[in-house]
Structure formats: structure tokens, C-alpha cells
Protein chains: 2
Amino acid sequence: MGRPTIADIAERVGVSKGAVSFALNGRPGVSEATRARILQAAKEMNWRPHSAARALGGSRAEAVGLVIARPASTLGVEPFFAQLLSGLQARLSAQSVAMHLLVVEDVEAEIEVYREWASAHRVDGFIMVDPQVRDPRIDALQELEVPAVVLGGPGRHGSLSSVWADDREAMLSVVDYLAALGHRRVAHVAGLPRFRHTQRRMRALRDSVRRLGLVEAVSVPTDFSDAEGAAATRALLSRGRRPTAIVYDSDVMALAGLGVAGEMGVRVPDELSIVAFDDSVLTRVTHPAITSLSRDTFALGGQVAEVLLELIADPGRPRDLKTATPRLVVRESTAPPSRDA
Amino acid sequence: MGRPTIADIAERVGVSKGAVSFALNGRPGVSEATRARILQAAKEMNWRPHSAARALGGSRAEAVGLVIARPASTLGVEPFFAQLLSGLQARLSAQSVAMHLLVVEDVEAEIEVYREWASAHRVDGFIMVDPQVRDPRIDALQELEVPAVVLGGPGRHGSLSSVWADDREAMLSVVDYLAALGHRRVAHVAGLPRFRHTQRRMRALRDSVRRLGLVEAVSVPTDFSDAEGAAATRALLSRGRRPTAIVYDSDVMALAGLGVAGEMGVRVPDELSIVAFDDSVLTRVTHPAITSLSRDTFALGGQVAEVLLELIADPGRPRDLKTATPRLVVRESTAPPSRDA
DNA sequence: AGTTTACGAACCGTGTATCGG
DNA sequence: TCCGATACACGGTTCGTAAAC
């Protein structure tokens, strides 16, 4: 005989399937004596629930879905994702909730996966990352009426829940710091312009120009790769009048930029200050170590998981959790601009 | 009405459920005309298969399971895991096979999850990592008669399949290189002794002593954390007669060791050579850059996925795939020992 | 008479074997 | 011989109902 079913237990104990189901789920409807006999038999027979059968009946799948529309190869490079995954796992596994993970080509494929997993009740909810301008995933998830948490904000995610950090505030703190050091020509090697958080950072920089009396404040969009980060840096440093400080939208790009500065004989921080959004071990082990906006990504993952689990347990009003604004950790890559720059 | 089922399609087209099932699965038993009408209706009604219902019938779950018995917090720190996950995803998502991921406390909990997922047919197969000495998971997976690939070898995994690299050969290449440089006192900051690959590396070092005429070759076990890596380094460098070279079982520990050497005023590579097992961006950005055993972990993940998918499609004899032996990439952290050392 | 206890059957959505036209 | 209908399996939950206390 294969794996035992509740029918097998029912037969052995001499009761009906229904009684076994009630007993195993701790629900009223059976006497304590019968319940004990059923539980005993289930234990002896090594019975385990069949989640597919349960899902068919409409109960919890005990899993959440994370679908990512990025090249799989970048996942291993960006410390951010690994940290986020760890944090999610730490919280989810505490309740034995698994994670259904899939990497897809683009946002349309991502939506299709949402539809499939939701209609098959494969997961109880979704985590959506990298919210974009006019993101079609928002509407899709709302239509599906499935619990979902968007990582990013504020706002613009309809009735979905969200967990977010204040990117604008973070960028302002960087620019304020650089201006206070005396920098007037600040460049920004940004990420993908279709991402909302990229837009927010670009706007924050632009908005600072007048307030801080900056002479120049240009944002160069990239695809987040170290290659484009290096290329953008090379272009910026080849200009007639160089920026005296560059802000990078990721630690990986900042690292690439630091390498380019070295190649071109531009001394950091004497001739060029470098700041990275997103902190990780990468920024700490370089020479000079890179001044970074630091946040606890592991904790962020935990918060996202927490909100999603709450939402699944009680799908009332949507949640909106603002997490701590990344704070600037000053290391060795920033200094006042040199006199002749 | 909620999501459409094959019964709804059957009603609309005016055929039986069975006919719809055959048509949607491209199986003989319906005329081409009927099939076309059914497919058309399914498309119009936006029908999607219900994986739970299928799983109940015993067909594919279109997912594989990865259960990891490590603290969740280490996943984000070890570049190895992120790279491996990326590689797995790259291969799996090409066939729209999802991954069921869960982090657990210990190996016993891991086995329990295997039992649950297998009996509920939640996944079609498993990937098992970190094989240990007398690993109870091997027996458990064999009993379950479910496709499974062990990452690590050679041998000792019964009827399960495996994908592995030659750890012994790799360690020998490191020791040979150090000996050729003139080192005679070599230390090894190892990982968890219960891991088979740790054991293999320790043995390989021990076996080299006579052959290469080493004066000293000690392995210090750790838990793979940067803290214990640092502590082990501190202990080794505090001895009367220091080792002139240290081999670390991970890049994270090598980094920690490099930091300790700096603190203690031990110059690398003049007074101490450092080599890391496992290469990543970490080893390239330090000063000095760390000589490492490099392998393509992303590709490794792809190979593991490939073998598992094959095994699921055709569960015949177990596979055993030896991957390329990690090759030594010499950077700036190794040099001949100084005269007075 | 009211409450506790348990039975039997229907149901969830899909796949497949049997059988009839 | 082909096409399609009917019926049941898969494992667990739920509901109406009836019997026992």
C-alpha cells in the first residue's frame, strides 16, 4: 500500500472519513475518546496531509509566490536579492510557509504566472518587486483579488499593500552631505528609468539643484549592470568639466565606478567622491571603502513577509508600512573636492 | 462565476468533460473539428489548468524542492548560494518549472519536509545540498523513491544522483602550488567537519605532508562564519612558529582572515600567503586581491537543474556528473615565503 | 427535548478507463 | 475504427441528517 489516506485511517479505527477529518483538524464533532484513537492511528500509520487535495477544497496552500522579471544571472551578483530572500525565508519558515520562486523574461510573463498560480491556488499570496511606472502587474493582482505586497512606494499601488523606504529622503541626505562638503558638480549613475525608485531618486537630485546652489546635477540611466555602471563613469570622467562626486544606484555599480576611476588615474576621494545606494559587504572591503546608504535588507525581507502573512490571515484593509530611511554611512570614498577641480 | 473549469467548457461546447480533457492535452480521442472548437472556447473563457487538481490525479507538479538546513541569515552572506540559486533558476525557468524553497532548523526537519512535499506531490524532485557524513537524508530520500540530486560527491549517496566537483584534486592543486612557492608551514581554516567536502579537503591536505615534505599542515574546523574564520586566523598567527600560508574554505572567511592579518600587522603576501576556496566578486575587490579556487557556480546550478529535470523525465538509472575541478586563479595574496619566516 | 456524536454522500477540478454508437 | 459519453479515481472537507445519550 502506498501512502495512507484518511480513508485508511477511518477503516482501521472503524469510523467514517468525516470523523477522521474533524479529529485531525482539531475541530468539534467527535468525542475525545474517538479523537484520541484516530490521532493514535494516524501517528502509527505515519499519515501526512495531502496539500493538493486540500487546495482543491479551497484551503491554504501554505506558500507564497515570488516571481522576478530580471535575468537570472543578476540575482547572484546583486547582494540585495540574496539578503532579501534570506529575510523573507527567516520569517516565512518560522510558520512553515514555503516560497514558490520563479524567474521570468518580462512583466507580461510575470502576470501570466500570477494568473496561473492564483487560479490553481498554488500560493496564498504574492510579493511583487521592482514596481514600475504605470505597472500592469498592479491591475492584474488587484483583479485576481489575491493578497499581495509591493516592495516599493509610497503610493501608486492601488488597493495592494506595500512596504517601502523613502528613496527621496535618502537621496536628499546624500546630496545634502555632498553639498556640505563643498561639492557643486554632482552626477548620478542611475538604474532603469522605468523603475519608480529610480525616478524618485532622479527627481530628488533635480529638486536639490536650486536649494543647494549646485552647478550641475545630471542623472545617467543604466541597466544596473557593472558594465553600464563602468561605461557611465567613463563618460562622466571624460568630460571637460568633471563632476567632483558621483552617486551610484547600487553597490555593484559603485564598485565598477571605483575601478574605472583607478584606471583613469582619478584619485578617490581626492579628485572624486563616490557614494553608493545599497550597502553590503562589497562596499566595506574595497580601498578606499565606499561611503554608502545603508539599510538592513535582511530585516526588510522579514517585514515584507510579516505584512504578507498578516494580510493572508486577515485580508481586510491594505497595509502600508514605511521602513526606516537608509542612513548614510561615511567611509573613505568621500571628501571635500580638491581646490583645482 | 469564478474561474472556468473544463466542465464549463464542456457545457458551452456541448461535449463531455472527458472530451475536453483529451482536447486540451493534445491526446487522440476527439476529432480535429471538435478539438478546435474546444480550444477556441478554452481560450475565450480564459481557462487555466488547476495544478492542485492535476497533482491529485498523480501528474507532474512542475516544481522542484530545495530545502536548506542553515541559518537563513547566512544565505545572504555566502555568494555561493545566491549564485547557485541563479543557475538553478536559469535552467528551471526555461521549462517553467518553479522552485519550492524552504529554510529549516536542522537535518531532521529537512527530512520531515521531504516527506510532506513528496507525499503531497508538491514537487517532482529534490535538490539536496551539504551532504554530511552518514547523512540520514540519503536514506530518507531513497525510501521516498522520489527523484533527487545530491550536490556533492563522489559516491556515498546510494541510488541518488549526484553532481560534484573534485574537492580533493582542488585542494591538492592549492597545496602543490604553495609548496612550489617554497611554503612548508601551511594551515587550513576549514568548514564544518560534518560536511563531507570539508573532510575531503582536510584529508587531501594531510595526505600531502609527506609527498611535499611539509613541516606543518594543520586544519582548523569552523562553522563557516566570518567570526570563526577571524578567530582561527588570530589563533594561527599568534603561535610561536606561524604558518606562512593559510587556505580558507570559503571566500568570506578568507576576507575575514585578511582583515585579521592587517590588524596584527602581518603583511600579505610578504609574510603570509592567503588562498580562498570559492571565488566571487569578494576576492577580486580586496587589496591585495585574493588568490582563489574558482569555479562557475552559476553553471553548476544549471547542471544540477539539468540532471534533476532529466531524472524526472526518465527516472531510470541514477546520474553521476563530475563537473570541472575548480582551478586556481592566482592574484596578489600569494608569494614565496619571506626568508626569515 | 435538547445536545452531542458520527455517518454517508456530495464536492473541489482533472485525468483516464470502459463501453456504446 | 473512430469518436465521444459515462463513470470513477485522486484525498480531503463539509453539510445534511439521523442516531444515541
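Order of the sequence lines fixes the chain letters, A, B, ..., with proteins taken first and strands second; residue numbering starts at 1 for each chain.
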Touch class at under 4.0 angstrom, heavy-atom based, for A:Gly58 against every strand present: nothing
Sugar-phosphate only, base, or nothing, as touched by A:Ser31 at under 4.0 Å among non-hydrogen atoms: sugar-phosphate
Phosphate OP1/OP2 of C:dT14 contacted by B:Arg48 side-chain N/O (<4.0 Å): no
side-chain N/O B:Arg54 vs D:dG11 OP1/OP2, d < 4.0 Å: no
Between P of D:dC15 and CZ of A:Phe22, the distance in whole Å: 8 Å
Residue pair B:Pro147 / B:Leu308, side-chain heavy-atom distance below 4.5 Å: yes
Sugar-phosphate only, base, or nothing, as touched by A:Ser59 at under 4.0 Å among non-hydrogen atoms: nothing
Side-chain N or O of A:Trp47 closer than 4.0 Å to phosphate OP1/OP2 of D:dG12: yes
Side-chain N or O of B:Asn25 closer than 4.0 Å to phosphate OP1/OP2 of C:dG15: yes
Distance-only donor-acceptor test (3.5 Å): side chain B:Lys17, base C:dT14: yes
Touch class at under 4.0 angstrom, heavy-atom based, for A:Pro28 against every strand present: nothing
Close side-chain approach of A:Leu85 and A:Leu66, heavy atoms under 4.5 Å: yes
Phosphate-side-chain proximity, A:Thr5 and D:dC10, N/O vs OP1/OP2 below 4.0 Å: no
Interatomic distance, B:Arg122 CZ vs D:dG11 C1' [rounded to whole Å]: 15 Å
Selection from C:dG8, C:dG13, D:dT13 that lies nearest to any side-chain heavy atom of A:Ser16: C:dG8
Sugar-phosphate, base or nothing in reach of A:Arg27, heavy atoms under 4.0 Å: sugar-phosphate
Basic-acidic side-chain contact under 4.0 Å: A:Arg54, A:Glu62: no
Of B:Leu56 and B:Thr34, the one whose closest DNA chain D nucleotide lies more 5': B:Thr34
Interatomic distance where CD belongs to A:Glu116 and P belongs to C:dT14 [whole Å]: 13 Å
Sub-4.5 Å side-chain heavy-atom contact between B:Val13 and B:Val20: no
Length of the line joining A:His50:NE2 and C:dG13:P, which is rounded to integer Å: 17 Å
Given C:dG13, C:dC7, D:dA5, the nucleotide with the shortest approach to the side chain of A:Val15: C:dC7
Interatomic distance, A:Arg37 CZ vs C:dT5 C1' [rounded to whole Å]: 12 Å
Spacing of A:Ile6 atom CD1 relative to D:dT14 atom P, expressed in whole Å: 11 Å
Nearest-neighbour nucleotide for the B:Ala53 side chain, C:dG13, C:dT16, D:dG11 considered: C:dG13
Test item: B:Ile312 and B:Val64 side chains (from C-beta on) under 4.5 Å apart, heavy atoms: yes
Touch class at under 4.0 angstrom, heavy-atom based, for A:Arg35 against every strand present: nothing
Gap between atoms CG and C1', on A:Asp8 and D:dG12 respectively (whole Å): 13 Å
Whole angstrom value for the distance that separates P of C:dG13 from CE of B:Met45: 12 Å
Flag if over 12 foreign heavy atoms under 6.0 Å of CZ, A:Arg48: yes
